[in-house]
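Comments concern the structure below.
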Protein chains: 2
Amino acid sequence: MTPIFKKGYYFYVDGNVHIKRVTLREVAKAAGVSINTASRALNDKPAVSPYTKARVLEAAQRLGYRPNRLARALRYNKTRTLGVIVGDIANPYFSMLVRGVEQTAREFDYSVILQGTDEDLEREKEAIEVALAEQVDGILITPTQRSEEAIRTLFDSGTPFILMSRHFHDLETHYVIMDDQRGGFIATEHLIQRGHERIAILNGPIHISSAAERYAGYMEALQQYGLDVDDGLVIKGCLTMEDGYRAALSLIDGPNRPTAIFAFSDFVALGVFRAANELGIVIPDELAVVGFDNTIFGLCTRPPLSSVGGSPEELGKTAARFLLELLTGKRPNTVTRVKLPVYLVQRGST
Amino acid sequence: MTPIFKKGYYFYVDGNVHIKRVTLREVAKAAGVSINTASRALNDKPAVSPYTKARVLEAAQRLGYRPNRLARALRYNKTRTLGVIVGDIANPYFSMLVRGVEQTAREFDYSVILQGTDEDLEREKEAIEVALAEQVDGILITPTQRSEEAIRTLFDSGTPFILMSRHFHDLETHYVIMDDQRGGFIATEHLIQRGHERIAILNGPIHISSAAERYAGYMEALQQYGLDVDDGLVIKGCLTMEDGYRAALSLIDGPNRPTAIFAFSDFVALGVFRAANELGIVIPDELAVVGFDNTIFGLCTRPPLSSVGGSPEELGKTAARFLLELLTGKRPNTVTRVKLPVYLVQRGST
DNA sequence: TTGTATGCGTTATCAA
DNA sequence: TTGATAACGCATACAA
C-alpha cells in the first residue's frame with residue numbers, strides 16, 4: 001500500500017480520491033463511551049442517560065458525523081433506495097414522471113437511482129442488473145417491451161417492482177398505466193366529431209402496450225363511426241419530436257394527406273407543429289392535431305394543442321407510493337393494477 | 001423475531017418485504033470451495049485453478065448470484081455512485097443536463113442518485129446530506145445560490161463536487177458553466193442590430209450566477225450601443241414557462257411595452273409565446289424573442305425561436321467526465337473551471 | 001445504564 | 001492453489 005498523500009483538495013490513495021469520513025467509532029471515542037452507547041444515543045433509543053446522550057450528540061455535531069447509510073443498509077438488508085428506469089430521461093413525459101417519483105420517494109425518505117434505456121433492450125437488461133446489484137428495495141420501470149426477457153429476470157430476482165405507463169398482457173405484474181385505449185378512442189372520436197374523416201395516427205412503437213392500446217382505441221372509434229381505415233395513415237414508431245416531425249413531413253407531402261393527426265404524445269405533436277410551420281400548413285384549418293399527456297408544452301404552440309390528459313407526474317407519484325406501500329407492508333400484496341382515467345382537453349389545434 | 005412467512009409474491013418479515021438474495025457464501029458452498037476462493041474465481045484474480053473456477057462460475061450462474069455492490073462499497077470505501085442535484089427535474093434544461101450526466105456515468109460504470117431542490121435552500125441542504133449519507137463518491141450540483149451555506153457544508157465534507165451551470169464568485173470550487181455574460185451580450189446585441197431599442201429581459205433569479213452574468217451581458221450591450229436602460233424592462237425571477245407567461249403578460253399589458261424580449265431560457269421563452277398567442281401579438285413583427293439553451297422546443301414554436309446555444313446535455317457530460325476523472329486520479333487536482341462557448345442561432349422569432 | 005461480541009457480504013492478508 | 005481470518009460501519013442481543 002502506497003502512503004497517503006495530499007494533492008490539492010483531496011486525499012489520494014493509489015491515485016484514487018480518498019474521502020476521510022467520520023465514523024461512529026470516532027464519535028464514541030471522542031465522547032468517551034462505547035460504540036453502541038453512541039449508536040443508541042444517536043438513534044434515540046431508550047436506556048441511555050441524558051448526560052451521556054448530550055455528550056455523544058455534542059461530539060457527533062463537533063466532528064461532523066454523518067451516519068453511513070451503506071453500512072446501515074448492509075445491516076438491515078435494506079437500502080431505502082428505489083431503482084427508476086425510464087425510456088429517455090430528457091423526454092418531457094419521462095422527466096415529469098421521474099419528478100413525481102422522486103418527490104414521493106423523498107417523502108418516504110427513500111433515494112432514487114435513475115437510469116435511462118433509450119428504449120434499447122440491452123440497455124434495459126443492464127439497467128436492471130445495475131439496480132439489483134445496488135440492492136435497491138424496489139424498482140419502477142417503463143419496460144422497453146422489446147422482449148419479456150428483461151422483466152422476467154426482474155421478476156425472478158424477487159425484487160418488488162411496478163411497471164409504469166406500460167404493461168404486458170401475459171405477464172402478471174403490478175402496473176400503473178393510463179387508460180390508453182380510452183384515450184385513443186376519445187381523441188379519435190373528437191376528431192371525427194369535428195368533421196374529419198382522414199385521420200392519421202402517429203403512434204409509438206407498436207410493441208409498447210400504450211401504443212397498441214391507443215391504436216385499438218383509434219380503430220374502435222373509426223369503426224363505431226363507420227369510417228374506413230387507411231393503412232397509409234397509420235405511422236408507427238414515433239417517440240420523439242424528431243420522429244413526429246419526419247412522419248408529419250412525409251404524411252403532408254404524401255399522396256393522400258390527412259386532415260387530422262392524432263399523435264402519440266405532446267412531444268411527438270410538437271414535431272408535427274414544426275413540420276406544419278415549415279410547410280406553411282395552417283393548424284387547425286388545414287390540419288387538426290391532438291396530442292397525448294396534456295403537458296404544459298401544448299400551451300405554447302400556436303394554436304395551443306388539444307391533448308388527452310393524464311398527468312405523468314401523477315402517474316409517477318402513484319406508482320412510487322404503491323411501491324413504497326408494498327415495501328413497507330402497508331399495502332396488501334395482491335397484484336396492483338391501476339388504470340388512471342384520461343380526459344380530453346380541447347384547445348385551438350382542433 | 002417473528003417467523004418468516006410468504007404472502008403473495010414476496011417474503012415478509014415483521015411486515016416488511018424481505019428479498020432473498022444469493023450471497024457469495026452460498027455460491028462457495030454450492031461449488032464446494034471456500035468463500036474467498038469463490039471470490040477470486042468470480043473476480044478473475046490469479047491463483048485459482050481452471051477447474052475450480054469453472055465450478056464456481058457454474059454455481060454462480062445456476063444460483064443467479066449477483067455481487068452485492070453495497071458490501072463491496074463498504075469494503076472499498078467507494079460506492080461508484082454520483083449524487084446529482086438539480087433545480088427542477090422536469091425542467092427541460094435540467095432533464096437534458098441529467099441525461100448527459102447519466103450517460104457519461106454509465107460509461108464509467110457509475111450509478112446516479114438524482115435529487116431535485118425546486119430551488120429551495122432547505123431542500124438543497126437536505127439533498128446534500130442525503131447524498132453524503134449515501135456515501136456518494138462525488139456530487140454534481142446546480143446550487144440554488146440562495147446562500148453559500150449549503151455548498152460550504154459540501155466543501156467541508158471533503159467529498160469532491162463540481163458545480164454545474166452556476167458558480168460562486170467568492171468560493172473556489174470546480175465548475176462547468178456556460179459563458180453566460182457573452183450569451184447575454186450576443187442575444188442583446190442581436191436584438192439591437194435588428195433595430196430594437198426597447199429590449200426587455202425576463203431574467204432568472206438574480207442570486208443565480210447565470211442570471212447575474214446574462215444581465216451583465218445585457219447591460220454591456222445596451223451601453224456599448226448607447227441605449228438607455230429602463231428598469232421597467234428588467235424582470236427577475238423567471239425560471240419556468242409559467243413565470244415567463246406571467247411576466248410577458250404584464251410587460252405587454254404594461255405602460256411601455258418592449259419591442260423585444262430576451263428570455264432566461266427557451267422554457268421561459270415558451271411562456272412568452274403562450275402570452276403572445278393569447279393576446280394576439282405577432283412574433284416577430286410586434287415582439288421579437290430570443291431564448292437561451294437552444295433546446296429542440298424552440299423548433300416547434302411559430303415562428304421558431306432564436307436562441308443562444310450551448311447544449312445542456314453537453315454540459316452535463318463534461319461535468320460528469322471531469323468529476324469522474326478527478327475521482328479516478330486521471331485529472332490533476334487543480335481547480336477545474338470550464339466556461340463552455342455560446343453562439344447565437346437565429347430563427348424566425350427575431 | 002453501559003459495554004462486549006456478533007453479523008450483514010465482500011475483499012485482502014497471510015499462512016497452510 | 002486454497003482456506004481461515006480480519007476488516008469496512010453500523011445495530012443489536014446479551015452480559016455486566
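Below, read A as the first sequence line, B as the second, and so on, with proteins coming before strands; counting in each chain starts at 1. Worth knowing before you read on, the calculation uses all heavy atoms, side chains too, and leaves out hydrogens, waters and symmetry mates.
- For B:R25, the CZ atom counts as loosely surrounded, since its 6.0 Å shell holds 12 or fewer non-hydrogen atoms of other residues, nucleotides or ligands.
- The heavy-atom pair separating A:I35 from A:A28 by the smallest distance is CA-CB, 3.6 Å.
- Distance A:E26 CD to D:dG9 P: 8 Å, rounded to the nearest Å.
- Between B:N43 atom CG and C:dT10 atom C1' the separation is 9 Å, expressed in whole Å.
- In this structure, B:K78 places its NZ atom 15 Å from P of C:dT11, rounding to the nearest Å.
- Salt bridge annotation for B:E119-B:R166: present, with a cationic side-chain nitrogen under 4.0 angstrom from a carboxylate oxygen.
- In this structure, the CD atom of A:E134 is 15 Å from the C1' atom of C:dG9, given to the nearest Å.
- Taking every side-chain heavy atom of B:S49 into account, D:dT2 is the closest of D:dT2, C:dT11, C:dG9.
- Remark: A:T37 is in phosphate contact with C:dG3, judged by side-chain N or O atoms under 4.0 Å from OP1 or OP2.
- Along DNA chain D, the nucleotide nearest B:R55 and the nucleotide nearest A:L24 are compared for position; the residue whose nucleotide lies closer to the 5' end is B:R55.
- Regarding B:I19, its CD1 atom lies at a distance of 13 Å from the P atom of C:dG9, rounded to whole Å.
- Looking at B:D44 and B:K53, a side-chain N of the basic residue comes within less than 4.0 Å of a carboxylate O on the acidic one, giving a salt bridge.
- The residues A:R146 and A:E122 are annotated as not salt-bridged, no charged nitrogen and carboxylate oxygen being separated by less than 4.0 angstrom.
- What separates CZ of B:R72 from P of C:dT10 is a distance of 8 Å, to the nearest Å.
- Under the side-chain hydrogen bond (donor to acceptor under 3.5 Å, both in side chains) criterion, A:E148 pairs with A:R152, not counting sequence neighbours.
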Using atom names, set out every protein N or O paired with an N or O of nucleotides 6-8 of chain C below 3.5 Å, distance rounded to 0.1 Å.
| unit_1 | atom_1 | unit_2 | atom_2 | d |
| --- | --- | --- | --- | --- |
| C:dG7 | N2 | A:R75 | NE | 2.6 |

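- Here B:E149 pairs with B:K125 under the salt bridge (Lys or Arg N to Asp or Glu O under 4.0 Å) rule; sequence neighbours left out.
- Checking the phosphate oxygens (OP1, OP2) of D:dC10, no side-chain nitrogen or oxygen of A:S39 falls inside 4.0 Å.
- Applying the salt bridge (Lys or Arg N to Asp or Glu O under 4.0 Å) criterion to A:D118, with sequence neighbours excluded, gives A:R123, B:R99.
- With sequence neighbours excluded, the residues satisfying salt bridge (Lys or Arg N to Asp or Glu O under 4.0 Å) with B:R62 are B:E58.
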Could you list the protein-to-nucleotides 13-16 of chain D atom pairs, N/O on both sides, closer than 3.5 Å?
| unit_1 | atom_1 | unit_2 | atom_2 | d |
| --- | --- | --- | --- | --- |
| D:dA13 | N6 | A:N36 | ND2 | 3.3 |

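- Computed from coordinates, the A:I35 CD1 to D:dG9 P distance equals 9 Å when rounded to whole Å.
- A:Y65 comes within 4.0 angstrom of the backbone, heavy atoms only, and of no base.
- Spacing between atom NZ of B:K45 and atom P of C:dT11 amounts to 8 Å, rounded to whole angstrom units.
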